[in-house]
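Start at 1 and go down the list; that is how both ligands and their atoms are numbered.
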Amino acid sequence: MLSSQVADDGRRRSLHGHWSSRMAFVLAVTGSAVGLGNVWKFPYIAGQNGGGAFVLVYLVCVILIGMPVMMSEILIGRRGRRNPMATMALLGREEGHSKRWQWVGALGVVAGVLILSYYSVVAGWVLGYVVKSATGTFAGASAEQVSATFAGFTGSWQAIGLTHTLFMGLTIFVVARGVERGLEQAVRFMVPALLLLLVALLGYAINSGSFMDGVQFMFTPAWEKLSWGSVLVALGQAFFTLSIGMGAIMAYGAYLPEETSITGSTATVVAADTGIAMLAGLVIFPLVFANGLDPAEGPGLVFETLPLAFGKMPGGVFFSTLFFVLLSFAAWTSALGLVEPAVAWLVEHRNRTRSQAAVMMGFLVWFVGLGSVLSFNVLNEFTFLAGTIYDNVDYLTSNIMLPLGGLLITVFAGWIMCRNSTADELGGAGTMYKAWRGLARFVAPIGILLILINAVWPTIRATLDI
Ligand code: PFF
(Lines give C-alpha, C1' and ligand atoms only; values in the text may rest on other atoms or scores of the structure.)
Protein backbone atom coordinates (compact mmCIF):
# COMPACT_ATOMS: atom_id res chain seq x y z
CA MET A 1 0.00 0.00 0.00
CA LEU A 2 2.80 2.39 0.82
CA SER A 3 4.24 2.29 -2.70
CA SER A 4 1.05 4.00 -3.86
CA GLN A 5 2.32 6.98 -1.93
CA VAL A 6 4.76 7.84 -4.70
CA ALA A 7 3.22 9.99 -7.43
CA ASP A 8 4.15 9.98 -11.14
CA ASP A 9 6.67 12.78 -10.66
CA GLY A 10 8.51 10.66 -8.09
CA ARG A 11 7.37 12.84 -5.18
CA ARG A 12 5.68 11.22 -2.20
CA ARG A 13 2.02 11.84 -1.41
CA SER A 14 0.26 11.37 1.89
CA LEU A 15 -2.39 8.70 2.14
CA HIS A 16 -4.51 11.04 4.25
CA GLY A 17 -4.79 13.88 1.70
CA HIS A 18 -3.18 17.32 1.68
CA TRP A 19 -3.95 20.83 2.94
CA SER A 20 -5.76 22.79 0.27
CA SER A 21 -3.43 25.82 0.55
CA ARG A 22 -0.57 27.37 2.52
CA MET A 23 -3.17 29.36 4.43
CA ALA A 24 -4.95 26.16 5.44
CA PHE A 25 -1.71 24.71 6.80
CA VAL A 26 -0.80 27.86 8.71
CA LEU A 27 -4.30 27.98 10.17
CA ALA A 28 -4.18 24.33 11.17
CA VAL A 29 -0.78 24.62 12.85
CA THR A 30 -1.85 27.87 14.52
CA GLY A 31 -5.04 26.13 15.61
CA SER A 32 -2.96 23.38 17.15
CA ALA A 33 -0.54 25.79 18.80
CA VAL A 34 -3.08 28.28 20.15
CA GLY A 35 -5.04 26.59 22.87
CA LEU A 36 -5.33 26.16 26.60
CA GLY A 37 -1.54 26.43 26.71
CA ASN A 38 -1.72 30.13 25.87
CA VAL A 39 -4.75 31.28 27.80
CA TRP A 40 -4.93 28.85 30.74
CA LYS A 41 -1.47 27.41 31.27
CA PHE A 42 0.90 30.25 30.42
CA PRO A 43 -0.53 32.76 32.93
CA TYR A 44 -0.76 30.21 35.72
CA ILE A 45 2.76 28.83 35.41
CA ALA A 46 4.23 32.31 34.85
CA GLY A 47 2.47 33.28 38.08
CA GLN A 48 3.79 30.24 39.95
CA ASN A 49 7.32 30.86 38.73
CA GLY A 50 7.57 34.50 39.74
CA GLY A 51 6.67 36.35 36.51
CA GLY A 52 9.28 38.47 34.67
CA ALA A 53 12.40 36.32 34.60
CA PHE A 54 10.33 33.26 33.73
CA VAL A 55 8.60 35.07 30.86
CA LEU A 56 11.94 36.20 29.42
CA VAL A 57 13.43 32.70 29.60
CA TYR A 58 10.27 31.37 27.97
CA LEU A 59 10.61 33.87 25.10
CA VAL A 60 14.27 32.96 24.57
CA CYS A 61 13.31 29.26 24.52
CA VAL A 62 10.58 29.91 21.94
CA ILE A 63 12.96 31.71 19.58
CA LEU A 64 16.21 29.79 19.95
CA ILE A 65 14.81 26.31 20.55
CA GLY A 66 11.12 26.30 19.59
CA MET A 67 11.53 27.74 16.10
CA PRO A 68 14.27 25.37 14.89
CA VAL A 69 12.44 22.38 16.38
CA MET A 70 9.22 23.36 14.62
CA MET A 71 11.00 23.80 11.28
CA SER A 72 12.74 20.45 11.73
CA GLU A 73 9.44 18.71 12.44
CA ILE A 74 7.73 20.18 9.41
CA LEU A 75 10.56 19.35 7.05
CA ILE A 76 10.86 15.78 8.33
CA GLY A 77 7.09 15.32 8.07
CA ARG A 78 6.91 16.62 4.53
CA ARG A 79 9.85 14.52 3.37
CA GLY A 80 8.39 11.29 4.79
CA ARG A 81 4.68 11.96 4.26
CA ARG A 82 3.64 9.21 6.68
CA ASN A 83 2.72 9.08 10.36
CA PRO A 84 5.65 10.21 12.57
CA MET A 85 6.80 6.68 13.41
CA ALA A 86 6.87 5.48 9.82
CA THR A 87 8.39 8.75 8.62
CA MET A 88 11.28 8.53 11.09
CA ALA A 89 11.87 4.87 10.16
CA LEU A 90 11.82 5.65 6.45
CA LEU A 91 14.07 8.70 6.60
CA GLY A 92 16.41 6.99 9.06
CA ARG A 93 17.06 4.29 6.48
CA GLU A 94 17.06 6.66 3.52
CA GLU A 95 19.74 8.78 5.14
CA GLY A 96 21.90 5.70 5.58
CA HIS A 97 21.23 5.36 9.28
CA SER A 98 18.81 3.18 11.19
CA LYS A 99 15.15 2.40 11.25
CA ARG A 100 15.28 2.74 15.02
CA TRP A 101 14.62 6.45 14.73
CA GLN A 102 11.00 5.34 14.62
CA TRP A 103 11.10 5.26 18.42
CA VAL A 104 11.21 9.05 18.42
CA GLY A 105 7.88 8.91 16.60
CA ALA A 106 6.60 6.38 19.13
CA LEU A 107 7.60 8.62 22.04
CA GLY A 108 5.52 11.35 20.43
CA VAL A 109 2.49 9.13 19.93
CA VAL A 110 2.53 8.21 23.63
CA ALA A 111 3.13 11.84 24.70
CA GLY A 112 0.15 12.94 22.59
CA VAL A 113 -2.17 10.42 24.19
CA LEU A 114 -0.99 11.36 27.69
CA ILE A 115 -1.24 15.11 27.12
CA LEU A 116 -4.70 14.84 25.63
CA SER A 117 -5.82 12.77 28.61
CA TYR A 118 -5.54 15.77 30.92
CA TYR A 119 -5.99 18.45 28.28
CA SER A 120 -9.46 17.10 27.69
CA VAL A 121 -10.28 17.38 31.39
CA VAL A 122 -9.37 21.08 31.47
CA ALA A 123 -11.11 21.66 28.14
CA GLY A 124 -14.13 20.08 29.81
CA TRP A 125 -13.96 22.78 32.51
CA VAL A 126 -14.10 25.34 29.72
CA LEU A 127 -17.26 23.69 28.34
CA GLY A 128 -18.73 23.76 31.82
CA TYR A 129 -17.93 27.46 32.06
CA VAL A 130 -19.78 28.14 28.81
CA VAL A 131 -22.93 26.91 30.50
CA LYS A 132 -22.20 28.64 33.81
CA SER A 133 -21.55 31.94 32.01
CA ALA A 134 -24.64 31.70 29.86
CA THR A 135 -26.87 31.02 32.85
CA GLY A 136 -25.57 34.10 34.66
CA THR A 137 -23.65 32.32 37.46
CA PHE A 138 -20.99 35.02 37.50
CA ALA A 139 -23.15 38.11 37.16
CA GLY A 140 -22.11 40.41 40.00
CA ALA A 141 -20.33 37.56 41.83
CA SER A 142 -17.66 38.29 44.45
CA ALA A 143 -14.14 36.84 44.39
CA GLU A 144 -15.17 34.30 47.06
CA GLN A 145 -18.22 33.21 45.09
CA VAL A 146 -16.22 32.75 41.92
CA SER A 147 -13.57 30.71 43.76
CA ALA A 148 -16.25 28.62 45.43
CA THR A 149 -17.85 27.92 42.05
CA PHE A 150 -14.53 26.65 40.68
CA ALA A 151 -13.83 24.53 43.75
CA GLY A 152 -17.36 23.11 43.72
CA PHE A 153 -17.23 22.26 40.04
CA THR A 154 -13.80 20.59 39.94
CA GLY A 155 -14.52 18.97 43.30
CA SER A 156 -17.29 16.90 41.71
CA TRP A 157 -15.90 13.98 39.73
CA GLN A 158 -19.30 13.44 38.17
CA ALA A 159 -19.43 16.99 36.81
CA ILE A 160 -15.92 17.14 35.38
CA GLY A 161 -16.10 13.48 34.29
CA LEU A 162 -19.15 14.39 32.23
CA THR A 163 -17.54 17.44 30.60
CA HIS A 164 -14.35 15.42 29.91
CA THR A 165 -16.49 12.80 28.15
CA LEU A 166 -18.26 15.49 26.15
CA PHE A 167 -14.99 17.06 25.02
CA MET A 168 -13.52 13.72 23.94
CA GLY A 169 -16.70 13.06 21.97
CA LEU A 170 -16.29 16.35 20.11
CA THR A 171 -12.64 15.60 19.38
CA ILE A 172 -13.31 12.12 18.00
CA PHE A 173 -16.11 13.50 15.86
CA VAL A 174 -13.82 15.94 14.01
CA VAL A 175 -10.83 13.61 13.79
CA ALA A 176 -13.02 10.93 12.21
CA ARG A 177 -14.05 13.32 9.44
CA GLY A 178 -10.46 13.54 8.14
CA VAL A 179 -7.93 16.17 7.21
CA GLU A 180 -9.68 18.47 4.78
CA ARG A 181 -13.29 18.23 5.80
CA GLY A 182 -12.68 17.99 9.53
CA LEU A 183 -9.54 19.73 10.66
CA GLU A 184 -9.50 22.62 8.24
CA GLN A 185 -13.05 23.77 8.81
CA ALA A 186 -12.66 24.04 12.54
CA VAL A 187 -9.80 26.55 12.58
CA ARG A 188 -10.86 29.07 9.99
CA PHE A 189 -12.63 31.53 12.21
CA MET A 190 -11.58 30.53 15.72
CA VAL A 191 -8.11 32.09 15.91
CA PRO A 192 -9.09 35.53 14.55
CA ALA A 193 -12.17 35.63 16.77
CA LEU A 194 -10.24 34.69 19.91
CA LEU A 195 -7.63 37.33 19.10
CA LEU A 196 -10.29 40.01 18.72
CA LEU A 197 -11.94 39.15 22.00
CA LEU A 198 -8.62 39.17 23.84
CA VAL A 199 -7.86 42.61 22.44
CA ALA A 200 -11.25 43.81 23.68
CA LEU A 201 -10.47 42.33 27.11
CA LEU A 202 -7.11 44.08 27.07
CA GLY A 203 -9.04 47.35 26.86
CA TYR A 204 -10.88 46.32 30.01
CA ALA A 205 -7.65 45.30 31.77
CA ILE A 206 -6.03 48.64 30.91
CA ASN A 207 -8.88 50.39 32.70
CA SER A 208 -8.86 48.03 35.67
CA GLY A 209 -6.59 50.34 37.64
CA SER A 210 -3.80 47.78 38.05
CA PHE A 211 -2.56 47.50 34.50
CA MET A 212 0.96 48.64 35.30
CA ASP A 213 1.20 46.17 38.21
CA GLY A 214 0.41 43.39 35.75
CA VAL A 215 2.93 44.65 33.20
CA GLN A 216 5.58 44.95 35.87
CA PHE A 217 4.91 41.46 37.15
CA MET A 218 5.23 40.05 33.64
CA PHE A 219 8.27 41.91 32.43
CA THR A 220 10.42 42.93 35.40
CA PRO A 221 12.81 40.06 35.95
CA ALA A 222 13.46 39.04 39.54
CA TRP A 223 16.34 36.76 38.60
CA GLU A 224 16.79 35.51 42.15
CA LYS A 225 13.43 33.75 41.88
CA LEU A 226 14.58 31.74 38.87
CA SER A 227 15.82 28.19 39.46
CA TRP A 228 16.85 25.48 36.99
CA GLY A 229 13.52 23.90 37.81
CA SER A 230 11.64 26.95 36.54
CA VAL A 231 13.90 27.21 33.48
CA LEU A 232 12.83 23.64 32.64
CA VAL A 233 9.18 24.60 33.16
CA ALA A 234 9.73 27.55 30.75
CA LEU A 235 11.28 25.22 28.19
CA GLY A 236 8.46 22.71 28.64
CA GLN A 237 5.91 25.49 28.16
CA ALA A 238 7.65 26.62 24.95
CA PHE A 239 7.28 23.07 23.62
CA PHE A 240 3.73 22.65 24.88
CA THR A 241 2.43 25.93 23.54
CA LEU A 242 3.97 25.43 20.09
CA SER A 243 2.75 21.78 19.98
CA ILE A 244 6.28 20.59 19.23
CA GLY A 245 8.45 17.70 20.37
CA MET A 246 5.82 15.02 19.88
CA GLY A 247 5.20 14.67 16.18
CA ALA A 248 1.91 16.57 15.94
CA ILE A 249 3.48 19.17 13.70
CA MET A 250 5.35 16.40 11.89
CA ALA A 251 2.02 14.74 11.15
CA TYR A 252 0.62 18.06 9.87
CA GLY A 253 3.82 18.61 7.82
CA ALA A 254 3.11 15.33 6.05
CA TYR A 255 0.05 16.95 4.48
CA LEU A 256 1.92 20.09 3.38
CA PRO A 257 2.09 20.88 -0.34
CA GLU A 258 5.56 20.83 -1.88
CA GLU A 259 5.85 24.52 -2.72
CA THR A 260 4.90 26.00 0.67
CA SER A 261 7.68 27.84 2.56
CA ILE A 262 8.45 26.15 5.85
CA THR A 263 10.38 29.10 7.28
CA GLY A 264 7.62 31.59 6.50
CA SER A 265 4.87 29.36 7.88
CA THR A 266 6.83 28.73 11.10
CA ALA A 267 7.46 32.44 11.66
CA THR A 268 3.75 33.21 11.25
CA VAL A 269 2.65 30.47 13.63
CA VAL A 270 5.21 31.33 16.32
CA ALA A 271 4.31 35.04 16.15
CA ALA A 272 0.58 34.30 16.48
CA ASP A 273 1.06 31.84 19.32
CA THR A 274 3.42 34.04 21.31
CA GLY A 275 1.29 37.12 20.69
CA ILE A 276 -1.81 35.39 22.07
CA ALA A 277 0.03 34.13 25.16
CA MET A 278 1.39 37.61 25.90
CA LEU A 279 -2.03 39.11 25.37
CA ALA A 280 -3.57 36.58 27.75
CA GLY A 281 -0.97 37.47 30.39
CA LEU A 282 -1.60 41.17 29.94
CA VAL A 283 -5.32 40.59 30.46
CA ILE A 284 -5.03 38.20 33.40
CA PHE A 285 -2.35 39.74 35.64
CA PRO A 286 -3.84 43.25 35.91
CA LEU A 287 -7.14 41.59 36.88
CA VAL A 288 -5.34 39.42 39.45
CA PHE A 289 -3.84 42.49 41.12
CA ALA A 290 -6.94 44.66 40.76
CA ASN A 291 -8.95 42.03 42.66
CA GLY A 292 -6.35 41.14 45.27
CA LEU A 293 -5.95 37.58 43.95
CA ASP A 294 -2.80 35.46 44.08
CA PRO A 295 -0.88 35.10 40.79
CA ALA A 296 0.60 31.80 42.01
CA GLU A 297 -2.72 30.15 42.68
CA GLY A 298 -2.40 27.46 40.00
CA PRO A 299 -4.68 25.80 37.44
CA GLY A 300 -7.76 27.71 38.61
CA LEU A 301 -6.27 31.13 37.80
CA VAL A 302 -8.08 31.86 34.52
CA PHE A 303 -11.28 30.27 35.78
CA GLU A 304 -11.36 32.67 38.71
CA THR A 305 -10.00 35.96 37.36
CA LEU A 306 -11.92 36.18 34.13
CA PRO A 307 -15.40 35.29 35.41
CA LEU A 308 -14.86 37.83 38.18
CA ALA A 309 -14.02 40.54 35.64
CA PHE A 310 -16.88 39.55 33.36
CA GLY A 311 -19.24 39.57 36.32
CA LYS A 312 -18.59 43.28 36.83
CA MET A 313 -18.80 44.28 33.17
CA PRO A 314 -21.83 45.57 31.29
CA GLY A 315 -22.82 42.80 28.87
CA GLY A 316 -20.68 40.44 30.96
CA VAL A 317 -22.94 37.41 30.52
CA PHE A 318 -22.67 37.70 26.77
CA PHE A 319 -18.91 38.31 26.65
CA SER A 320 -18.14 35.65 29.20
CA THR A 321 -20.12 33.07 27.24
CA LEU A 322 -18.48 34.13 24.00
CA PHE A 323 -15.03 33.96 25.57
CA PHE A 324 -15.46 30.42 26.88
CA VAL A 325 -17.01 29.31 23.59
CA LEU A 326 -13.96 30.61 21.73
CA LEU A 327 -11.61 29.02 24.23
CA SER A 328 -13.45 25.70 23.73
CA PHE A 329 -12.78 26.03 20.02
CA ALA A 330 -9.12 26.80 20.68
CA ALA A 331 -8.84 23.70 22.86
CA TRP A 332 -10.73 21.63 20.31
CA THR A 333 -8.42 22.50 17.40
CA SER A 334 -5.42 21.72 19.63
CA ALA A 335 -6.82 18.38 20.71
CA LEU A 336 -7.02 17.30 17.07
CA GLY A 337 -3.24 17.60 16.73
CA LEU A 338 -2.70 15.59 19.87
CA VAL A 339 -4.41 12.45 18.54
CA GLU A 340 -3.50 12.84 14.87
CA PRO A 341 -0.16 10.93 15.10
CA ALA A 342 -1.80 8.02 16.93
CA VAL A 343 -4.75 7.91 14.54
CA ALA A 344 -2.55 8.12 11.43
CA TRP A 345 -0.46 5.28 12.85
CA LEU A 346 -3.49 3.05 13.44
CA VAL A 347 -4.77 3.71 9.94
CA GLU A 348 -1.44 2.95 8.25
CA HIS A 349 -0.26 0.00 10.31
CA ARG A 350 -3.33 -1.63 11.74
CA ASN A 351 -5.50 -1.27 8.68
CA ARG A 352 -8.21 0.63 10.48
CA THR A 353 -10.54 3.12 8.85
CA ARG A 354 -10.09 6.67 10.04
CA SER A 355 -13.33 6.56 12.03
CA GLN A 356 -12.45 3.30 13.76
CA ALA A 357 -9.00 4.62 14.62
CA ALA A 358 -10.44 7.85 16.01
CA VAL A 359 -12.93 6.00 18.21
CA MET A 360 -10.35 3.52 19.51
CA MET A 361 -7.79 6.17 20.40
CA GLY A 362 -10.50 8.43 21.79
CA PHE A 363 -11.63 5.72 24.14
CA LEU A 364 -8.09 5.06 25.34
CA VAL A 365 -7.46 8.76 25.98
CA TRP A 366 -10.79 9.11 27.76
CA PHE A 367 -9.94 6.22 30.05
CA VAL A 368 -6.46 7.50 30.92
CA GLY A 369 -8.02 10.93 31.52
CA LEU A 370 -10.11 9.54 34.38
CA GLY A 371 -6.89 9.69 36.44
CA SER A 372 -6.82 13.45 35.98
CA VAL A 373 -10.56 13.79 36.61
CA LEU A 374 -10.09 12.15 40.00
CA SER A 375 -6.98 14.22 40.83
CA PHE A 376 -9.16 17.22 41.61
CA ASN A 377 -11.55 15.46 43.96
CA VAL A 378 -11.55 11.84 45.19
CA LEU A 379 -7.79 11.35 44.74
CA ASN A 380 -6.59 14.88 45.51
CA GLU A 381 -4.69 13.66 48.55
CA PHE A 382 -3.00 10.89 46.59
CA THR A 383 0.32 12.52 45.70
CA PHE A 384 3.76 11.29 44.61
CA LEU A 385 6.82 12.85 42.86
CA ALA A 386 5.37 15.98 41.17
CA GLY A 387 2.01 15.89 43.03
CA THR A 388 -1.34 14.39 42.00
CA ILE A 389 -1.79 12.05 39.02
CA TYR A 390 -2.64 15.11 36.93
CA ASP A 391 0.52 16.95 38.07
CA ASN A 392 2.68 13.95 37.23
CA VAL A 393 1.23 13.41 33.76
CA ASP A 394 1.66 17.14 33.07
CA TYR A 395 5.24 17.24 34.40
CA LEU A 396 6.35 14.07 32.65
CA THR A 397 4.93 15.07 29.27
CA SER A 398 5.68 18.81 29.10
CA ASN A 399 8.97 18.90 30.94
CA ILE A 400 10.54 15.56 30.02
CA MET A 401 8.94 13.89 27.00
CA LEU A 402 8.50 16.96 24.80
CA PRO A 403 12.01 18.40 25.34
CA LEU A 404 13.49 14.92 24.85
CA GLY A 405 11.48 14.47 21.65
CA GLY A 406 12.60 17.93 20.47
CA LEU A 407 16.22 17.11 21.23
CA LEU A 408 16.09 13.91 19.17
CA ILE A 409 14.21 15.62 16.34
CA THR A 410 16.80 18.40 16.00
CA VAL A 411 19.66 15.89 16.22
CA PHE A 412 18.00 13.91 13.44
CA ALA A 413 17.37 16.92 11.19
CA GLY A 414 20.70 18.58 11.96
CA TRP A 415 23.11 15.64 12.11
CA ILE A 416 21.54 12.56 10.53
CA MET A 417 19.82 14.07 7.50
CA CYS A 418 22.27 15.24 4.88
CA ARG A 419 22.60 18.86 3.87
CA ASN A 420 20.97 18.24 0.49
CA SER A 421 17.80 16.77 1.96
CA THR A 422 17.23 19.55 4.46
CA ALA A 423 18.22 22.35 2.07
CA ASP A 424 15.83 20.87 -0.49
CA GLU A 425 12.94 21.13 1.98
CA LEU A 426 13.91 24.56 3.30
CA GLY A 427 14.22 26.15 -0.13
CA GLY A 428 17.98 26.34 -0.72
CA ALA A 429 21.12 26.95 1.30
CA GLY A 430 20.77 30.72 1.94
CA THR A 431 21.21 32.70 5.15
CA MET A 432 17.96 31.48 6.68
CA TYR A 433 19.02 27.92 6.04
CA LYS A 434 22.37 28.48 7.73
CA ALA A 435 20.70 30.08 10.72
CA TRP A 436 18.33 27.12 11.05
CA ARG A 437 21.15 24.61 10.71
CA GLY A 438 23.28 26.31 13.36
CA LEU A 439 20.35 26.39 15.77
CA ALA A 440 19.26 22.83 15.00
CA ARG A 441 22.74 21.33 15.25
CA PHE A 442 24.12 23.19 18.23
CA VAL A 443 21.98 25.72 20.08
CA ALA A 444 18.77 23.71 20.45
CA PRO A 445 20.18 20.28 21.38
CA ILE A 446 22.83 21.66 23.72
CA GLY A 447 20.36 24.09 25.29
CA ILE A 448 17.78 21.37 25.90
CA LEU A 449 20.36 18.98 27.31
CA LEU A 450 21.82 21.60 29.65
CA ILE A 451 18.42 22.57 31.01
CA LEU A 452 17.24 18.97 31.38
CA ILE A 453 20.39 17.86 33.19
CA ASN A 454 20.53 20.84 35.52
CA ALA A 455 16.86 20.60 36.42
CA VAL A 456 16.46 16.86 36.70
CA TRP A 457 19.82 15.78 38.13
CA PRO A 458 19.31 17.18 41.66
CA THR A 459 15.97 15.36 41.89
CA ILE A 460 17.49 12.09 40.74
CA ARG A 461 20.35 12.52 43.15
CA ALA A 462 18.02 13.25 46.03
CA THR A 463 15.74 10.34 45.16
CA LEU A 464 18.59 7.85 44.82
CA ASP A 465 20.41 9.43 47.76
CA ILE A 466 23.79 9.72 45.97
N1 PFF B 1 -0.27 23.84 21.87
C2 PFF B 1 -1.46 23.47 22.58
C3 PFF B 1 -1.79 24.54 23.57
O4 PFF B 1 -1.01 25.48 23.74
O5 PFF B 1 -2.85 24.49 24.16
C6 PFF B 1 -1.30 22.13 23.26
C7 PFF B 1 -0.81 21.06 22.35
C8 PFF B 1 -1.53 20.75 21.21
C9 PFF B 1 0.37 20.41 22.61
C10 PFF B 1 -1.08 19.79 20.34
C11 PFF B 1 0.85 19.46 21.76
C12 PFF B 1 0.11 19.16 20.61
F13 PFF B 1 0.54 18.24 19.82
Mind listing the N or O contacts between ligand 1 and protein, cut-off under 3.5 Å?
residue, atom, partner, partner atom, Å
ligand 1, 1 (N), Ser32, O, 3.1
ligand 1, 1 (N), Ala33, O, 3.0
ligand 1, 1 (N), Phe240, O, 2.8
ligand 1, 1 (N), Thr241, O, 3.1
ligand 1, 1 (N), Ser243, OG, 3.0
ligand 1, 4 (O), Ala33, O, 3.0
ligand 1, 4 (O), Gly37, N, 3.3
ligand 1, 4 (O), Asn38, OD1, 3.4
ligand 1, 5 (O), Leu36, N, 3.0
ligand 1, 5 (O), Gly37, N, 2.7
ligand 1, 5 (O), Tyr119, OH, 2.5

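Ring geometry, Tyr58 versus Phe54: the interplanar angle falls under 30°, so the pair is classed parallel (tilted spans 30 to 60°). Aromatic ring pairs are classed by plane angle as parallel below 30°, tilted from 30° to 60° and perpendicular above 60°; the pair Phe310 and Phe323 is tilted.
Residues passing the salt bridge (charged side-chain N to carboxylate O under 4.0 Å, His left out) test with Asp394, sequence neighbours excluded: Lys41.
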- Message: Run the ring-ring contact (aromatic ring centres under 6.0 Å, His included) test on Phe285 and Phe211 for me, step by step, so that the C-alpha distance in whole Å, both residues' side-chain angles and the decisive distance to 0.1 Å come before the verdict.
- Response: CA-CA 8 Å; Phe285 290 118; Phe211 187 65; over 10 Å; no

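Taking the six-membered ring for Trp and the full ring otherwise, the centers of Tyr119 and Trp332 sit at least 6.0 Å from each other.
Remark: Arg78 engages Glu425 in a salt bridge, criterion side-chain N to carboxylate O under 4.0 Å.
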